[in-house]
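Here the structure is a predicted model, which means the values were calculated and not measured.
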2 protein chains.
Amino acid sequence: MAKGKSLDELTDPVFYILVALVEPRHGYAIMQYVEEETNGMFKIGPATLYTIIKKLVDADLIEAEPDSEPRRKTYVTTAAGISKLEEEIKRRSRMVDLAKEVLQTKGRKGR
Amino acid sequence: MAKGKSLDELTDPVFYILVALVEPRHGYAIMQYVEEETNGMFKIGPATLYTIIKKLVDADLIEAEPDSEPRRKTYVTTAAGISKLEEEIKRRSRMVDLAKEVLQTKGRKGR
DNA sequence: CTCCTTTATATCCGTTTTTGATATATCACT
DNA sequence: AGTGATATATCAAAAACGGATATAAAGGAG
(Lines give C-alpha, C1' and ligand atoms only; values in the text may rest on other atoms or scores of the structure.)
Protein backbone atom coordinates (compact mmCIF):
# COMPACT_ATOMS: atom_id res chain seq x y z
CA MET A 1 0.00 0.00 0.00
CA ALA A 2 1.74 3.08 1.25
CA LYS A 3 5.31 3.06 0.01
CA GLY A 4 6.56 6.57 0.56
CA LYS A 5 7.54 8.23 3.81
CA SER A 6 4.83 9.61 6.05
CA LEU A 7 5.46 13.33 5.44
CA ASP A 8 5.20 14.92 8.85
CA GLU A 9 4.88 18.59 7.94
CA LEU A 10 2.87 19.46 4.87
CA THR A 11 4.02 22.35 2.71
CA ASP A 12 1.54 24.94 1.45
CA PRO A 13 0.89 23.45 -2.00
CA VAL A 14 0.56 19.96 -0.54
CA PHE A 15 -1.90 21.27 2.03
CA TYR A 16 -4.00 22.99 -0.62
CA ILE A 17 -4.07 19.93 -2.84
CA LEU A 18 -5.16 17.70 0.03
CA VAL A 19 -7.92 20.18 0.87
CA ALA A 20 -9.04 20.42 -2.75
CA LEU A 21 -9.29 16.65 -3.00
CA VAL A 22 -11.55 16.18 0.00
CA GLU A 23 -14.03 16.53 -2.86
CA PRO A 24 -13.10 14.43 -5.93
CA ARG A 25 -11.31 16.51 -8.56
CA HIS A 26 -8.93 16.10 -11.46
CA GLY A 27 -5.63 17.96 -11.73
CA TYR A 28 -6.72 20.93 -13.74
CA ALA A 29 -9.71 21.45 -11.47
CA ILE A 30 -7.37 21.54 -8.46
CA MET A 31 -5.43 24.41 -10.00
CA GLN A 32 -8.63 26.36 -10.59
CA TYR A 33 -10.04 25.55 -7.18
CA VAL A 34 -6.99 26.76 -5.28
CA GLU A 35 -6.74 29.93 -7.31
CA GLU A 36 -10.42 30.71 -6.78
CA GLU A 37 -10.49 29.89 -3.07
CA THR A 38 -7.47 32.08 -2.41
CA ASN A 39 -8.71 34.89 -4.66
CA GLY A 40 -5.69 34.47 -6.86
CA MET A 41 -3.27 34.77 -3.95
CA PHE A 42 -1.98 31.24 -4.34
CA LYS A 43 -1.45 29.54 -7.65
CA ILE A 44 -0.25 26.03 -8.31
CA GLY A 45 1.33 25.48 -11.71
CA PRO A 46 1.31 22.18 -13.57
CA ALA A 47 4.85 21.26 -12.60
CA THR A 48 4.20 21.59 -8.89
CA LEU A 49 0.78 20.02 -9.21
CA TYR A 50 1.62 16.80 -10.97
CA THR A 51 4.81 16.33 -9.00
CA ILE A 52 2.89 16.54 -5.74
CA ILE A 53 0.02 14.37 -6.99
CA LYS A 54 2.51 11.62 -7.67
CA LYS A 55 4.02 11.96 -4.24
CA LEU A 56 0.65 11.99 -2.50
CA VAL A 57 -0.55 8.91 -4.37
CA ASP A 58 2.67 7.21 -3.41
CA ALA A 59 2.15 8.18 0.24
CA ASP A 60 -1.43 6.90 0.04
CA LEU A 61 -2.88 10.23 1.08
CA ILE A 62 -4.85 10.56 -2.15
CA GLU A 63 -5.95 7.97 -4.66
CA ALA A 64 -7.07 7.90 -8.29
CA GLU A 65 -10.70 7.08 -8.93
CA PRO A 66 -10.94 4.06 -11.21
CA ASP A 67 -14.01 5.33 -13.03
CA SER A 68 -12.53 8.60 -14.27
CA GLU A 69 -13.02 9.64 -17.88
CA PRO A 70 -10.14 9.07 -20.29
CA ARG A 71 -9.07 12.69 -20.50
CA ARG A 72 -9.52 13.41 -16.82
CA LYS A 73 -7.82 11.59 -14.01
CA THR A 74 -9.86 12.15 -10.91
CA TYR A 75 -8.35 11.88 -7.43
CA VAL A 76 -9.72 11.93 -3.88
CA THR A 77 -8.18 12.26 -0.47
CA THR A 78 -8.05 8.88 1.26
CA ALA A 79 -9.01 8.20 4.87
CA ALA A 80 -5.33 8.42 5.74
CA GLY A 81 -5.20 11.71 3.87
CA ILE A 82 -8.09 13.10 5.91
CA SER A 83 -6.36 12.11 9.13
CA LYS A 84 -3.17 13.71 7.98
CA LEU A 85 -5.07 16.85 7.05
CA GLU A 86 -6.74 17.03 10.46
CA GLU A 87 -3.36 16.56 12.09
CA GLU A 88 -1.92 19.31 9.95
CA ILE A 89 -4.80 21.64 10.79
CA LYS A 90 -3.93 21.20 14.45
CA ARG A 91 -0.25 21.71 13.83
CA ARG A 92 -0.85 24.91 11.89
CA SER A 93 -3.34 26.16 14.46
CA ARG A 94 -0.76 25.69 17.18
CA MET A 95 1.75 27.68 15.14
CA VAL A 96 -0.73 30.50 14.67
CA ASP A 97 -1.69 30.45 18.35
CA LEU A 98 1.93 30.56 19.45
CA ALA A 99 2.60 33.54 17.21
CA LYS A 100 -0.51 35.38 18.41
CA GLU A 101 0.41 34.75 22.02
CA VAL A 102 3.95 35.98 21.55
CA LEU A 103 2.78 39.15 19.84
CA GLN A 104 0.19 39.75 22.52
CA THR A 105 2.75 39.38 25.29
CA LYS A 106 5.03 41.80 23.54
CA GLY A 107 2.15 44.26 23.21
CA ARG A 108 1.43 44.12 26.94
CA LYS A 109 5.03 44.54 27.98
CA GLY A 110 6.50 46.63 25.20
CA ARG A 111 4.09 49.46 25.99
CA MET B 1 17.97 49.24 3.64
CA ALA B 2 15.94 46.28 2.55
CA LYS B 3 17.64 44.68 -0.41
CA GLY B 4 16.02 41.25 -0.74
CA LYS B 5 12.59 40.45 -2.11
CA SER B 6 9.59 40.76 0.16
CA LEU B 7 8.94 37.02 0.73
CA ASP B 8 5.19 36.61 0.39
CA GLU B 9 4.65 33.20 1.95
CA LEU B 10 6.80 32.28 4.93
CA THR B 11 7.95 28.69 5.29
CA ASP B 12 7.71 26.91 8.63
CA PRO B 13 11.27 27.50 9.84
CA VAL B 14 11.14 31.13 8.74
CA PHE B 15 7.88 31.56 10.61
CA TYR B 16 9.27 30.04 13.80
CA ILE B 17 12.40 32.15 13.65
CA LEU B 18 10.40 35.34 13.23
CA VAL B 19 8.22 34.35 16.17
CA ALA B 20 11.24 33.51 18.32
CA LEU B 21 12.78 36.90 17.60
CA VAL B 22 9.81 38.97 18.68
CA GLU B 23 11.81 38.70 21.87
CA PRO B 24 15.57 39.38 21.34
CA ARG B 25 17.53 36.14 21.04
CA HIS B 26 20.76 34.84 19.61
CA GLY B 27 20.95 31.96 17.15
CA TYR B 28 21.51 29.11 19.54
CA ALA B 29 18.70 30.36 21.77
CA ILE B 30 16.35 30.31 18.77
CA MET B 31 17.06 26.61 18.23
CA GLN B 32 16.32 25.85 21.86
CA TYR B 33 13.24 28.04 21.93
CA VAL B 34 11.62 26.41 18.91
CA GLU B 35 12.38 22.93 20.14
CA GLU B 36 10.93 23.68 23.57
CA GLU B 37 7.83 25.48 22.34
CA THR B 38 6.98 22.65 19.96
CA ASN B 39 7.80 19.95 22.51
CA GLY B 40 10.51 18.63 20.27
CA MET B 41 8.18 18.35 17.28
CA PHE B 42 10.04 20.92 15.27
CA LYS B 43 13.80 21.30 15.27
CA ILE B 44 15.90 23.82 13.42
CA GLY B 45 19.50 22.81 12.81
CA PRO B 46 22.39 25.23 12.47
CA ALA B 47 22.48 25.10 8.68
CA THR B 48 18.83 26.07 8.33
CA LEU B 49 19.09 28.60 11.12
CA TYR B 50 22.02 30.66 9.96
CA THR B 51 20.95 30.49 6.33
CA ILE B 52 17.56 31.92 7.21
CA ILE B 53 18.96 34.51 9.61
CA LYS B 54 21.04 35.89 6.77
CA LYS B 55 18.06 36.02 4.47
CA LEU B 56 15.84 37.67 7.06
CA VAL B 57 18.43 40.30 7.88
CA ASP B 58 18.77 40.95 4.18
CA ALA B 59 15.00 41.30 3.85
CA ASP B 60 14.99 43.66 6.85
CA LEU B 61 12.56 41.48 8.79
CA ILE B 62 15.03 40.99 11.63
CA GLU B 63 18.08 42.98 12.66
CA ALA B 64 21.21 42.42 14.73
CA GLU B 65 21.44 44.25 18.01
CA PRO B 66 24.59 46.38 18.09
CA ASP B 67 25.22 45.83 21.78
CA SER B 68 25.41 42.04 21.71
CA GLU B 69 28.21 40.23 23.49
CA PRO B 70 31.16 39.02 21.41
CA ARG B 71 30.21 35.37 21.44
CA ARG B 72 26.49 35.92 20.97
CA LYS B 73 24.92 37.75 18.10
CA THR B 74 21.51 38.84 19.22
CA TYR B 75 18.74 39.54 16.74
CA VAL B 76 15.22 41.00 16.97
CA THR B 77 12.28 41.12 14.64
CA THR B 78 11.94 44.58 13.09
CA ALA B 79 8.69 46.53 12.73
CA ALA B 80 8.51 45.26 9.16
CA GLY B 81 9.03 41.75 10.49
CA ILE B 82 6.16 42.12 12.92
CA SER B 83 3.89 43.32 10.11
CA LYS B 84 4.94 40.42 7.96
CA LEU B 85 4.30 38.05 10.83
CA GLU B 86 0.81 39.45 11.41
CA GLU B 87 0.11 39.10 7.72
CA GLU B 88 1.33 35.53 7.77
CA ILE B 89 -0.80 34.72 10.81
CA LYS B 90 -3.83 35.82 8.81
CA ARG B 91 -2.78 33.86 5.76
CA ARG B 92 -2.27 30.69 7.77
CA SER B 93 -5.52 31.21 9.64
CA ARG B 94 -7.38 31.43 6.36
CA MET B 95 -5.76 28.20 5.20
CA VAL B 96 -6.80 26.45 8.38
CA ASP B 97 -10.31 27.86 8.19
CA LEU B 98 -10.70 26.74 4.60
CA ALA B 99 -9.59 23.24 5.46
CA LYS B 100 -11.92 23.06 8.47
CA GLU B 101 -14.82 24.28 6.41
CA VAL B 102 -14.19 21.76 3.65
CA LEU B 103 -13.97 18.90 6.13
CA GLN B 104 -17.11 20.05 7.87
CA THR B 105 -19.05 20.22 4.62
CA LYS B 106 -17.90 16.75 3.72
CA GLY B 107 -19.02 15.52 7.12
CA ARG B 108 -22.53 16.91 6.65
CA LYS B 109 -22.92 15.53 3.17
CA GLY B 110 -20.86 12.34 3.26
CA ARG B 111 -23.22 10.77 5.79
C1' DC C 1 -13.74 23.94 -42.14
C1' DT C 2 -10.11 26.52 -39.91
C1' DC C 3 -8.39 29.19 -36.22
C1' DC C 4 -8.15 30.19 -31.53
C1' DT C 5 -8.94 29.55 -26.75
C1' DT C 6 -9.66 26.57 -23.02
C1' DT C 7 -9.16 22.26 -21.01
C1' DA C 8 -6.00 18.70 -19.50
C1' DT C 9 -1.88 16.03 -18.43
C1' DA C 10 3.03 15.69 -18.34
C1' DT C 11 8.05 16.57 -18.07
C1' DC C 12 12.50 19.36 -18.38
C1' DC C 13 15.43 21.85 -15.84
C1' DG C 14 16.91 25.75 -13.26
C1' DT C 15 16.21 28.09 -8.76
C1' DT C 16 15.24 28.12 -4.02
C1' DT C 17 14.95 25.89 0.38
C1' DT C 18 16.24 22.73 3.65
C1' DT C 19 19.39 19.91 6.13
C1' DG C 20 23.07 16.50 7.80
C1' DA C 21 27.71 16.71 8.47
C1' DT C 22 31.53 19.02 9.70
C1' DA C 23 34.59 22.64 11.54
C1' DT C 24 36.00 25.82 14.96
C1' DA C 25 36.13 27.97 19.38
C1' DT C 26 34.69 29.26 24.01
C1' DC C 27 32.86 28.11 28.54
C1' DA C 28 31.77 25.26 32.70
C1' DC C 29 32.81 21.60 35.37
C1' DT C 30 35.42 17.77 37.05
C1' DA D 1 43.48 17.69 30.67
C1' DG D 2 39.07 16.12 29.31
C1' DT D 3 34.21 16.20 28.51
C1' DG D 4 29.83 18.17 27.38
C1' DA D 5 27.21 22.21 26.52
C1' DT D 6 27.24 26.63 24.24
C1' DA D 7 27.75 29.19 19.93
C1' DT D 8 28.48 30.45 15.13
C1' DA D 9 29.39 29.19 10.45
C1' DT D 10 29.82 26.78 5.93
C1' DC D 11 29.78 22.89 2.52
C1' DA D 12 27.60 19.95 -0.30
C1' DA D 13 23.68 17.26 -1.23
C1' DA D 14 18.85 16.47 -1.13
C1' DA D 15 14.21 17.99 -1.47
C1' DA D 16 10.75 21.21 -3.00
C1' DC D 17 9.09 24.47 -6.12
C1' DG D 18 7.85 26.60 -10.47
C1' DG D 19 8.37 28.76 -15.24
C1' DA D 20 8.54 27.18 -19.68
C1' DT D 21 7.47 23.99 -22.88
C1' DA D 22 5.16 20.01 -25.23
C1' DT D 23 1.23 17.48 -26.58
C1' DA D 24 -3.51 16.75 -27.58
C1' DA D 25 -8.42 17.02 -27.53
C1' DA D 26 -12.73 19.80 -27.04
C1' DG D 27 -15.57 23.98 -27.95
C1' DG D 28 -16.82 28.06 -30.18
C1' DA D 29 -16.28 32.00 -33.63
C1' DG D 30 -16.24 33.38 -38.08
Between Pro46(A) and Asp12(A), just flag the one whose closest nucleotide in DNA chain D comes earlier from the 5' side.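 Mapping each residue to its closest nucleotide by heavy atoms, the 5'-most match is Asp12(A).
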
What contact category does [X] fall into here, base, sugar-phosphate, or nothing, at under 4.0 angstrom with non-hydrogen atoms?
X	value
Lys55(B)	sugar-phosphate
Ile44(A)	nothing
Thr48(B)	base
Gly45(A)	nothing
Gln32(B)	sugar-phosphate

Contact nearer the 5' end of DNA chain C, comparing Leu49(B) with Ala47(A):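 Nearest nucleotide further toward 5': that of Ala47(A).
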
If you assign Glu9(A) and Thr51(A) each to the DNA chain C nucleotide with the nearest heavy atom, which residue ends up on the more 5' nucleotide?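 Comparing both residues, the 5'-ward one is Thr51(A).
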
Quick one: does Thr78(B)'s side chain have a donor or acceptor within less than 3.5 Å of a partner on Asp60(B)'s backbone?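 Yes.
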
Whether Lys90(A) and Glu87(A) form a salt bridge (side-chain N of Lys/Arg under 4.0 Å from carboxylate O of Asp/Glu) is what I want to check.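 No, Glu87(A) and Lys90(A) are not salt-bridged.
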
Ion pair present between Asp12(B) and Arg92(A), side-chain N to carboxylate O less than 4.0 angstrom?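 No salt bridge links Asp12(B) with Arg92(A).
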
Side-chain N or O of [X] less than 4.0 angstrom from OP1 or OP2 on [N]?
X	N	answer
Tyr50(A)	dT9(C)	yes
Lys54(B)	dA9(D)	no
Tyr28(B)	dT6(D)	yes

For a quick check, tell me whether the side chain of Arg71(A) and the base of dT7(C) share a donor-acceptor pair closer than 3.5 Å.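 In this structure, the two groups form a donor-acceptor pair.
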
Taking atom P of dT6(C) as reference, at what distance in whole Å does atom CE of Met31(A) sit?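 From Met31(A) CE to dT6(C) P: 14 Å.
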
With a 4.5 Å heavy-atom cut-off, do Tyr16(A) and Thr38(A) have their side chains touching?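 Touching, per the 4.5 Å side-chain cut-off.
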
